[in-house]
Amino acid sequence: MRGYEPRSSSSCAACKFLKRRCIPNCIFAPYFRSDECKKFAKVHKVFGASNVSKILIEVPEEHREDTVNSLAYEAEARLKDPVYGCIGAIALLQRKMVELQHDLAIAKDRLALYAAANTTTTTTPSNDFFNNHVSLPPLPDFYTCSDFNDSFSNSSPSQSLSRHETTVDDFIQIPYIF
């Protein structure tokens, strides 16, 4: 029976997972192929099949594929980090970005000092000169995810807002919140 393909293989991953017959106009079929059962299982576990179908019905058809990809990413992030989900990943990337910008500022400062010292003297300056004259900007305070819980549970809303309003990224002048 080589040429025989069972009916369940033509079902989408959602219908396979839910153990139901896939109808020709199934809302899930274009976005959850039959070989993507794990993808649907994650989305179903976090959002539920009913909610996903409601979301897909409300979204215009040209945006549905992006919506499914977003739901799949959010579901995977939520399963990895049940408390913070995607926000935890975003906060981690923002923190890394700030650290790299800080390192870049230090490198630019040192490069400027080397260039300035090279133009003023013809001899190679010693490392003591640079260690005594380099003023490095301090690394900004980082707020961890536990700080969110502390600031919301132990202080008034005006205190927690004032704590986060002053944090500004010096390099691109866009405020960020940790």
Side-chain angles (χ1 to χ4, degrees), residues 1-104 139-157 160-161 163-165 167-178:
M1 299 183 87
R2 277 191 150 191
Y4 176 74
E5 190 171 294
R7 174 79 178 133
S8 63
S9 68
S10 64
S11 296
C12 67
C15 293
K16 277 185 178 182
F17 184 82
L18 299 172
K19 296 179 180 166
R20 65 181 188 191
R21 185 173 181 188
C22 192
I23 57 176
N25 59 350
C26 177
I27 189 85
F28 299 117
Y31 314 107
F32 297 102
R33 295 188 323 258
S34 62
D35 61 340
E36 296 179 324
C37 289
K38 288 183 181 180
K39 178 181 173 182
F40 180 77
K42 291 175 184 178
V43 172
H44 174 65
K45 186 172 186 175
V46 174
F47 299 106
S50 177
N51 290 331
V52 173
S53 68
K54 289 175 189 175
I55 290 170
L56 290 177
I57 289 170
E58 289 184 17
V59 172
E61 195 166 336
E62 62 270 8
H63 298 294
R64 287 183 184 171
E65 187 172 351
D66 293 332
T67 302
V68 168
N69 291 336
S70 177
L71 288 172
Y73 179 79
E74 289 179 39
E76 189 168 334
R78 183 62 63 182
L79 291 172
K80 286 181 182 176
D81 185 1
V83 176
Y84 295 106
C86 291
I87 300 301
I90 291 169
L92 181 71
L93 290 172
Q94 283 181 334
R95 181 178 180 150
K96 185 67 176 172
M97 182 183 70
V98 169
E99 289 172 357
L100 290 172
Q101 286 175 339
H102 183 259
D103 292 345
L104 180 64
L139 193 61
D141 292 333
F142 294 111
Y143 300 110
T144 62
C145 295
S146 62
D147 290 335
F148 283 129
N149 293 339
D150 294 341
S151 66
F152 288 121
S153 62
N154 296 333
S155 63
S156 68
S160 64
L161 285 176
R163 177 181 177 188
H164 295 293
E165 285 177 9
T167 308
V168 175
D169 185 357
D170 294 332
F171 299 101
I172 54 176
Q173 297 299 320
I174 297 174
Y176 59 91
I177 298 174
F178 282 105

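Reckoned from all heavy atoms, side chains included, excluding hydrogens, waters and symmetry mates.
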Nearest heavy-atom neighbours spanning Tyr31 and Lys39: O-NZ, 3.5 Å
Closest contact, heavy atoms only, Cys15 versus Cys26: SG-SG, 3.7 Å
Value rounded to 0.5 Å, distance of OG in Ser50 from CD1 in Ile55: 10.0 Å
Inter-residue atom distance Met97.CE - Arg95.CZ, 0.5 Å rounding: 13.0 Å
Partner set under ring-ring contact (aromatic ring centres under 6.0 Å, His included) for Phe17, not counting sequence neighbours: Phe40, His44
Heavy-atom pair with the smallest gap, counting every atom of Phe32 and Ala14: CB-N, 4.3 Å
Pairwise distance CG(Leu56) to CG(Asn51) - rounded to 0.5 angstrom: 11.0 Å
Throw together a table of side-chain donor-acceptor distances under 3.5 angstrom for residues 70-78, partners on residues two or more places apart or in other chains.
unit_1 : atom_1 : unit_2 : atom_2 : d
Ser70  : OG     : Glu74  : OE2    : 3.0
Arg78  : NH1    : Pro82  : O      : 2.9
Arg78  : NH1    : Val83  : O      : 3.0

Which residues share a salt bridge (charged side-chain N to carboxylate O under 4.0 Å, His left out) with Arg20, sequence neighbours left out: none
Sequence neighbours excluded - side-chain hydrogen bond (donor to acceptor under 3.5 Å, both in side chains) pairs with any residue from residues 53-68: none
Gly88 to Asp81 - nearest heavy-atom pair and separation: CA-OD2, 4.3 Å
